[in-house]
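Here's the structure we're looking at; comments come further down.
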Amino acid sequence: MNFSKLQEEKYFIKTKKFLLVGESKICVKLGEETLACKTVEIAHLVKPEAPFDMKVIYRDRANDFEVTFNTSHLQKKYVKQLMHDVAYCQEKNGNNWTHMNIFNTRLTLPLRKLQSDAMYEIKVRSIPDSDYYKGFWSEWSPSSHFKTPEANNAEEMNPVLSTISITSFFSVVLLVILSCALWKKRIKPIVWPSLPDHKKTLEQLCKKPEKNLNVSFNPEHFLDCQIHKVDDIQSRDEVESFLQDTLSPQFEESEKQGFAGSGQGHNWPSQIPVITSEAFKGELPFGCPTGNISACNASMHPSFWSPDCRKGIRSGSHMYQGLLLSPGTTDSTVLPPFPLQSGILTMNPGIQGQPILTSLKQSQEEAYVTMSSFYKNQ
Amino acid sequence: MFHVSFRYIFGIPPLILVLLPVTSSNCHLKDKEGKGYENVIMISINELEKMLDIDNDCLKKEPNFFRRHSCADKKEAAFLNRAAYKLEQFVKMNITTDFELHLLKVSQGTLKLINCTKEETISKETKKNDWCFLKALIQKIKTCWNKILRGH
């Protein structure tokens, strides 16, 4: 093959016969005389052809510049993979070039990286980028020039954005102020509802004790009341209706006997059916909830006791048999309904000094209903 | 009886030793990663296949060359070496067209990447316009290259 002279002491040869595999021995001959030979690996001496046809387009909406160029290696068979070096600078700055490496023929330059209203120069070169072909940078492509828009043009885009941002800022501030103002009254009850407090609810149900209570533990004040002490309980199977029929007349008789013998200290036990709290609907005479007699503050007026004692005992149509509530009962639990199988209490009406709660008014029913509904809600 | 056992003991093993180099392959692959094949030879083979695809009147009967030589196991390098020499017969002295350039790249590229200790004896020349044989030869070379690189 014949060389062509490129410059002084520089020759070139254009051929496709180079074997791109392994090492090649290249010799320069002058006539028949071999001047010089060199063994080279041609695949490592690749210098790509320079890119061309560079274009820069400003995109108004994206606010950037789109840079595209072409290279002949896109159509070549062997050296196809290249790395491109794009360099740009301001024309007035001279040689202050900014470099960017890319692997395709398209690049995007955002406007924020460039100065407004300035003239720029841009160019590109290539180098092989594969694990087999290696070599050198190509020559620079012909430069392209473009001008960035003025600052006013950029600001014209912002009024809409600035209006939206200011409006949204003020709306956020207003929202914060309203939320702070209405937090306690309206927002917090919805977001964090208050749960009912059991203690407070119970306090509302129980009436406050009257001030200046005249509490007396002098037995002489309770002489009008029939005090029946319960000694023991005997269980016996009886029909409820039979007990109602038989005991109601018996009770009146025993009542008379009891009243007659209350102040005389008779010790004979009288089998008197005791009226329980279930027989009455409503509060106790001194405002106690059902079953919690010991926890209540009783108003122990002597005048209060005597008429109620008689009234409670004489309500014979509502008599039931059952256990007498002991003073030690402290739970607020409702007494379970007694079965028909009842017991007869043997009481000693002669013993004094034992206040027994035997008169329960219809008003207990009201407290019972309230408490039961409270437990239902619970 | 003694002379019979003498023949078997001292006759056959030397015979095996003599014949062993004939049966064993004396070629091996230099480019084990296959970069030379992927970046140069394979590209030229594809170009040749495109150019030879026009001629579809080839007989299905396998040429004798492939009956005698095949890309058998552990003999891939030897077959490629022999096939490359055969391919060079289709290259003219004055290479002008791209077709001949690709033929040269495939044949000489393969010979560069395969190292054989014993030189191949050139078999009788094939007709240079036997395109059917050339097409089959290029396909066999491609198949054998893929096989030898898969083995590594």
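So that the names make sense, note that chain A is the first sequence line, chain B the second, and so on, each numbered from 1.
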Next item on the list: Decide yes or no on side-chain contact (heavy atoms from CB on, under 4.5 Å) for A/Tyr132 and B/Val40, but give the supporting numbers first.
Entry: CA-CA 10 Å; A/Tyr132 187 76; B/Val40 181; 3.9 Å; yes
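The number of heavy-atom neighbours closer than 6.0 Å to CD of A/Gln81, taken from other residues, nucleotides and ligands shown, is 12 or below. Within 6.0 Å of CD in A/Glu66 there are more than 12 heavy atoms belonging to other residues, nucleotides or ligands. Counting non-hydrogen atoms of neighbouring residues, nucleotides and ligands closer than 6.0 angstrom, the CG atom of A/Leu30 reaches no more than 12 such neighbours. More than 12 heavy-atom neighbours from other residues, nucleotides or ligands sit within 6.0 angstrom of CZ on A/Phe103. Other residues, nucleotides and ligands contribute at most 12 non-hydrogen atoms within 6.0 Å of the CZ atom of A/Arg186. Surrounding NZ of A/Lys55 are at most 12 heavy atoms belonging to other residues, nucleotides or ligands under 6.0 Å away.
Between B/Gln108 atom CD and A/Leu20 atom CG the span is 11.5 Å, to the nearest 0.5 Å. A distance of 13.0 Å separates CD1 in B/Ile43 from NZ in A/Lys76, rounded to the nearest 0.5 Å.
When the candidates B/Glu33, B/Lys30, B/Lys35 are compared by the number of heavy-atom contacts under 4.5 Å with chain A, B/Lys35 comes out ahead.
Contact record, B/Lys112 with A/Leu19: CG-CD2, 3.7 Å, taken as the closest heavy-atom pair. Smallest separation of non-hydrogen atoms from A/Lys16 and B/Leu101: CB-CD1, 3.5 Å. Taking every heavy atom of both residues into account, B/Asn39 and A/Tyr78 meet most closely at O-CD2, 3.4 Å.
Heavy atoms closer than 4.5 Å to chain A are found nowhere in B/Glu38, neither backbone nor side chain. Contacts between A/Phe18 and chain B at a heavy-atom distance below 4.5 Å involve the backbone alone (N, CA, C, O).
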